[in-house]
Chemist: 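Dumping the structure here so I can ask a few things about it.
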Amino acid sequence: MRQVVWLLMMFAIAVLAASTLGANDGLVSIYWAPWRVDLSINVFVLLLLAAGFVGHVLTGAVSGLIDLPQRARQWRTQQREAAVQRAMREAVAQLFAGRYGRAHKAAQQALDIRIQAPDLKLDPDLPVLAHLLSASALHRLQDQGRRDEQLARAQALLADLPSGSAIGEGARMLAAEWAVDDRDADRALDQLGQLPAGVARRTHALRLKLQATRLARQPLEALKTARLLAKHQGFTPAAAQGLLRSLAVEALDTARDADQLRRIWLQLDGADRRDPYVAARAARRAAAVEAPSDARGWLKPHWERLAELDERDRGDVLDAFVEVLPGLPADWLPLLETAVDASPRDAHLAYVAGRAMAERQLWGRAHRLLESAACATDAAPALRLKAWRALAEIAESEGDEGLAQRCYREAARSL
């Protein structure tokens, strides 16, 4: 088909040339004394076209010859740019492959090529990225001195870049991460503090801040950061609950007196204060700093919904309540009675209620509750031991030595 088309085109050209050049009546005379040249118009036109073509070719050849040095410089520049790109790709690949020495050398090679050819038109953030790659490799090699030098050079180059660039944010995060690895919490927090507000709320930045605040022993700040991470789904629900609980407890354990404990309790999030485990640990800490009244107030909301708690949280609340019994007011008695009536077979609750009745010197009620806890077959041996000992103490306070001895023997058997 293509040959047919070309044949038709040749026929068309032949017909057009015959119709145009067939009438050869024109004459062109060229005078150059003492000569004269006569040419037909057809030959003159063909010679004119040939001269134009030759002139065009000669002009292009001369122009190419003149531009040859510039084209050679452009070619060398392209080769150097390609070498820089190859070195950068090599650095990234070697860093991911765990060959940190080779990654450092490749990044330095890219920087050396740029120094040797300052006229290279590279992206302004490419040298910064090369310094960061080199610093990352040196960090893995635990060469903190040269790593910090490369990081300082990268940060110096960042001053020439527009603010808010991704490479600048990455440099800050890398510096914070390396500070955390070096156990330098202050430096990590300083780097994170220089991030824009939106960047500081990213998951990776929050993870770094959490690690840094824990290193700096700032449990309240770490707790706030962990809660933000939990909202960003940075942890699984179970891991988030465990972390939030441990941080809340860590914050409570820093209290050295009752006033400091109250301030920390008020600074906790409402969700933390509603956590039975956290409230129980706060109550124990309050008992240690001689603030049982505050502890009972923190435990009271959980007592009111004691039946709704799972076994572990229920046990934490009950054990903590035993430690804050001194000075128990009378307004707690109806709450205790209601809880016992709601769970009459709960040996642990019976033991705690019995101890509370003994604190109020209601010996008869206390004796019955403690005896039911001590004789419960499904009670743990440790709980039965404590119940028999509490009964022995009541008997001793009433002067019944025989009953006290019997209770001590039962306590020994429960071991």
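Side chains are part of it too, since the values below use all heavy atoms of this structure and drop only hydrogens, waters and symmetry mates. Keep in mind that what you see is a predicted model, and the values were worked out from it rather than measured.
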Chemist: Mark yes or no for whether Thr213, through its side chain, and Leu210, through its backbone, hold a donor-acceptor pair below 3.5 Å.
Modeler: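 Yes; at least one donor-acceptor contact below 3.5 Å.
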
Chemist: So for atom CZ, which belongs to Arg305, do other residues, nucleotides or ligands contribute more than 12 heavy atoms lying within a distance under 6.0 Å?
Modeler: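 For Arg305, atom CZ is crowded (more than 12 foreign heavy atoms under 6.0 Å).
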
Chemist: Given Arg245 and Glu250, is the side-chain contact (heavy atoms from CB on, under 4.5 Å) satisfied, shown in steps?
Modeler: CA-CA 8 Å; Arg245 280 182 168 182; Glu250 185 177 345; over 6 Å; no

Chemist: Please tabulate, for the side chains in residues 96-103, all donor-acceptor contacts under 3.5 angstrom to protein atoms that are two or more places apart in sequence or on a different chain.
Modeler:
none

Chemist: Nearest 0.5 Å, what's the CH2-CZ distance between Trp178 and Arg140?
Modeler: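 Going from the CH2 atom of Trp178 to the CZ atom of Arg140 covers 9.5 Å.
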
Chemist: Among Glu337, Glu371, Glu359, which residue meets the salt bridge (charged side-chain N to carboxylate O under 4.0 Å, His left out) test with Arg365?
Modeler: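 Single salt bridge (charged side-chain N to carboxylate O under 4.0 Å, His left out) partner of Arg365 among Glu337, Glu371, Glu359: Glu337.
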
Chemist: Without swapping roles, check the side chain of Arg314 against the backbone of Leu306 for a donor-acceptor pair under 3.5 Å.
Modeler: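 Side chain of Arg314 to backbone of Leu306, a donor-acceptor pair under 3.5 Å: yes, one is there.
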
Chemist: Are the side chain of Arg360 and the backbone N or O of Leu328 linked by a donor-acceptor pair below 3.5 Å?
Modeler: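 Judged by distance alone, yes, a pair lies under 3.5 Å.
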
Chemist: Determine, for Arg187 against Asp182, whether the closest basic-nitrogen to carboxylate-oxygen distance falls under 4.0 angstrom.
Modeler: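 Result for this pair is yes, salt bridge flagged.
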
Chemist: Nearest 0.5 Å, please: how far is CZ in Arg273 from CD in Gln267?
Modeler: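 Between Gln267 CD and Arg273 CZ, I get 10.5 Å after rounding to 0.5 Å.
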
Chemist: Between the main-chain N or O of Thr59 and the side-chain N or O of Ser63, is there a donor-acceptor pair closer than 3.5 Å?
Modeler: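 Checking the backbone N and O of Thr59 against the side chain of Ser63, no donor-acceptor pair under 3.5 Å is found.
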
Chemist: Using the rule given for side chain to side chain donor-acceptor pair (under 3.5 Å), can you reason through Gln144 versus Asp148, listing the C-alpha separation, both sets of side-chain angles and the distance that settles it, and then say yes or no?
Modeler: CA-CA 6 Å; Gln144 284 85 1; Asp148 294 340; over 6 Å; no

Chemist: Looking at Asp253 and Arg281, does any basic side-chain N land under 4.0 Å from a carboxylate oxygen?
Modeler: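 Yes, charged N to carboxylate O under 4.0 Å.
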
Chemist: Under a 4.0 Å N-O cut-off, is there an ion pair linking Arg227 with Asp272?
Modeler: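 Yes, Arg227 and Asp272 are salt-bridged.
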
Chemist: Would you compute the distance between atom CZ of Arg285 and atom CG of Leu252 and round it to the nearest 0.5 angstrom?
Modeler: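 One gets 9.0 Å once the value is rounded to the nearest 0.5 Å.
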
Chemist: What I want to find out is whether Asp319 reaches Arg312 closely enough, with some N-O distance under 4.0 Å, to be called a salt bridge.
Modeler: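 Salt bridge: no.
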
Chemist: Spell out, as yes or no, whether a donor-acceptor pair under 3.5 Å connects the side chain of Arg256 to the backbone of Thr254.
Modeler: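 Flag set: sc Arg256 to bb Thr254 pair under 3.5 Å.
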
Chemist: Give, for atom CG of Leu370 and atom CZ of Arg355, the distance between the pair rounded to the nearest 0.5 Å.
Modeler: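 Result: 8.0 Å between the selected atoms.
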
Chemist: Does Ser343 use its side chain to pair, donor to acceptor, with the backbone of Asp346 at less than 3.5 Å?
Modeler: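 No; zero donor-acceptor contacts below 3.5 Å.
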
Chemist: How many angstroms lie between atom CG of Leu95 and atom CG of Leu132, to the nearest 0.5 angstrom?
Modeler: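 If we round to the nearest 0.5 Å, Leu95:CG and Leu132:CG are 11.0 Å apart.
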
Chemist: Do Glu90 and Gln94 pair up side chain to side chain, a donor and an acceptor below 3.5 Å, judged on atom types alone?
Modeler: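 Note: Glu90 and Gln94 side chains meet the donor-acceptor criterion.
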
Chemist: Looking at every heavy atom in both Arg296 and Trp332, which two are closest together, and how far apart are they?
Modeler: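 Scanning both residues, the minimum pair turns out to be O-CZ2, 3.3 Å.
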
Chemist: Are Leu151 and Leu174 close enough, and set up right, to give a side-chain contact (heavy atoms from CB on, under 4.5 Å), and what steps lead you there?
Modeler: CA-CA 9 Å; Leu151 180 61; Leu174 278 176; 5.7 Å; no

Chemist: Can you name the closest pair of heavy atoms from Val128 and Ala154 and give their distance?
Modeler: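 Of all heavy-atom pairs spanning Val128 and Ala154, the closest is CG1-O, 3.9 Å.
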
Chemist: Does this structure show an ion pair linking Glu221 with Lys209, if we count only N-O contacts that are shorter than 4.0 Å?
Modeler: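 Yes.
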
Chemist: Does the ring of Phe235 carry Arg207 above it, NZ/CZ under 6.0 angstrom from centre and within 45° of its axis?
Modeler: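 Ring-cation test returns yes.
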
Chemist: Is there a side-chain contact (heavy atoms from CB on, under 4.5 Å) between Gln142 and Arg147? Walk through the geometry before answering.
Modeler: CA-CA 8 Å; Gln142 298 183 358; Arg147 178 204 67 190; over 6 Å; no

Chemist: Please identify each residue that fulfils salt bridge (charged side-chain N to carboxylate O under 4.0 Å, His left out) with Glu149, with sequence neighbours left out.
Modeler: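 Testing Glu149 for salt bridge (charged side-chain N to carboxylate O under 4.0 Å, His left out), a comparison that skips the adjacent residues, returns Arg153.
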
Chemist: To the nearest 0.5 Å, tell me how far Asp269 CG sits from Asp275 CG.
Modeler: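 Reported value, rounded in 0.5 Å steps: 11.0 Å.
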
Chemist: Evaluate Thr203 against His232 for side chain to side chain donor-acceptor pair (under 3.5 Å), listing each step before the verdict.
Modeler: CA-CA 7 Å; Thr203 301; His232 285 76; 5.7 Å; no

